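Since this is a predicted model, take the numbers as computed values, not measurements.
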Amino acid sequence: MSLAEKYEDKFLNLTFKDLVMILSLYFNYTDLQKKHTKNLLKKYFKRRQSCYDNSTLLFPDITSQTYGLLIYREQAERMIMAIADMRHEEAKKLICDLRKCTYEAQNYGETFISLGVAKGLPKEKVRRVWALISRQAQLLTDYKFSLALSWLLYQLQYLETYHLTRVWTKVKRFANQYEGGLNLQQIETFNSLSIL
């Protein structure tokens, strides 16, 4: 049974936010992460249905989009920045180093906790945040990639649903016109396109 089939009933009333989260987890859905992904989906939809209150969490605004769950790399980076007063580049590097299991990153936990406590944050909550980030660094997904992919798929579905005949006519005309094959530069030139 596929991921989509298993959660088909939950996919009926999706918001765009849900779609982004599901696609981000889908690209992380390998044999190694199956259990983690299924647990996250189950928690996400359960919390969504019960209008989960994440106000007791540290920095609830960071995980409000995912009902208190840490799913995206960007969420972890923002938490690290808020607790340890790191710049964005430093937080991004720390996540990268945690994914690589470098010695320095693995041993940064005590420093992270002491920095959070020095800011007046509860030690146990800061410790739990570090445990979660360091344990799940390999499983965090990229929000911006998931957002871009979700928007692209949404737009393709929209075109297919509402403009299928017109789109396919243009696609076929384009394909027939360039049957020999073109590289991207030729396509840009023939169609007066240029990003630069």
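Expressed to the nearest 0.5 Å, how far OH of Y67 lies from SG of C51 amounts to 7.5 Å. Note that the OG atom of S150 and the CG atom of L152 stand 9.5 Å from one another [nearest 0.5 Å]. Residue M21 holds its CE atom at 9.0 Å from OG1 of T15, rounded to the nearest 0.5 Å. For the atom pair CD (E77) and CD1 (I133), the distance works out to 10.0 Å, reported to the nearest 0.5 Å. Atom CG of L69 is separated from atom CD of Q136 by 9.0 Å, given to the nearest 0.5 angstrom. Atom CG of L139 is separated from atom OG1 of T37 by 7.5 Å, given to the nearest 0.5 angstrom.
Residues forming a side-chain hydrogen bond (donor to acceptor under 3.5 Å, both in side chains) with E74 (at least two apart in sequence, or on another chain): none. For E124, the side chain to side chain contact (heavy atoms under 4.5 Å, CB included) test picks out R127, R128, with sequence neighbours left out. Every residue was checked against the ring-ring contact (aromatic ring centres under 6.0 Å, His included) condition with Y52, not counting sequence neighbours, and none meets it. Taking K125 as the reference, nothing meets the salt bridge (Lys or Arg N to Asp or Glu O under 4.0 Å) condition, with sequence neighbours excluded. Legend: residues meeting side-chain hydrogen bond (donor to acceptor under 3.5 Å, both in side chains) with Q155, ordered by chain and number and at least two apart, are absent.
Between the side chains of D61 and S64, no donor N or O sits under 3.5 Å from an acceptor N or O.
A131 and S134 make their closest contact through O-OG, 3.3 Å (heavy atoms, listed as atom of the first residue, atom of the second, distance).
By the 4.5 Å heavy-atom criterion applied to side chains, W151 and V20 are not counted as neighbours. With a 4.5 Å cut-off on side-chain heavy atoms, L140 and I71 do not count as touching. With a 4.5 Å cut-off on side-chain heavy atoms, Q106 and Y103 do not count as touching. Looking only at side-chain heavy atoms (C-beta outward), S24 and Y143 stay at 4.5 Å or farther from each other. Side-chain contact between Y108 and L98: absent, with no pair of heavy atoms (C-beta onward) separated by less than 4.5 Å.
In this structure, Q75 contributes its side chain and L70 its backbone to no donor-acceptor pair below 3.5 Å. Not one N or O on the side chain of N54 forms a donor-acceptor pair closer than 3.5 Å with the backbone of L57.
None of D18, N39, T66 except one satisfies the side-chain hydrogen bond (donor to acceptor under 3.5 Å, both in side chains) rule with Y44; the exception is D18.
Heavy atoms of other residues, nucleotides or ligands lying less than 6.0 angstrom from NZ of K119 number more than 12. In this structure, K17 places its NZ atom where more than 12 heavy-atom neighbours from other residues, nucleotides or ligands lie under 6.0 Å away. Within a 6.0 Å sphere centred on CZ of F16, heavy atoms belonging to other residues, nucleotides or ligands number more than 12.
Side-chain heavy atoms closer than 4.5 Å link hydrophobic residues (I, L, V, M, F, W, Y) into clusters, and following such links, possibly through other members, connects W130 to L58. In the hydrophobic cluster analysis, where Ile, Leu, Val, Met, Phe, Trp and Tyr join through side-chain heavy atoms closer than 4.5 angstrom, M81 is grouped apart from L121.
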Query raised in the report: Would V129 and I83 satisfy side chain to side chain contact (heavy atoms under 4.5 Å, CB included), going step by step from the backbone distance to the final call?
Result: CA-CA 10 Å; V129 167; I83 293 171; 3.9 Å; yes

**Report entry** From CA spacing to verdict: side chain to side chain contact (heavy atoms under 4.5 Å, CB included), F45, I22
**Finding:** CA-CA 11 Å; F45 283 111; I22 291 165; 3.8 Å; yes

Under 3.5 Å, which donor-acceptor pairs do the side chains of residues 89-96 form with other protein atoms, sequence neighbours left out?
| from | atom 1 | to | atom 2 | distance (Å) |
| --- | --- | --- | --- | --- |
| E90 | OE1 | R87 | N | 2.8 |
| E90 | OE2 | R87 | NH1 | 3.4 |
| K93 | NZ | D97 | OD2 | 2.7 |

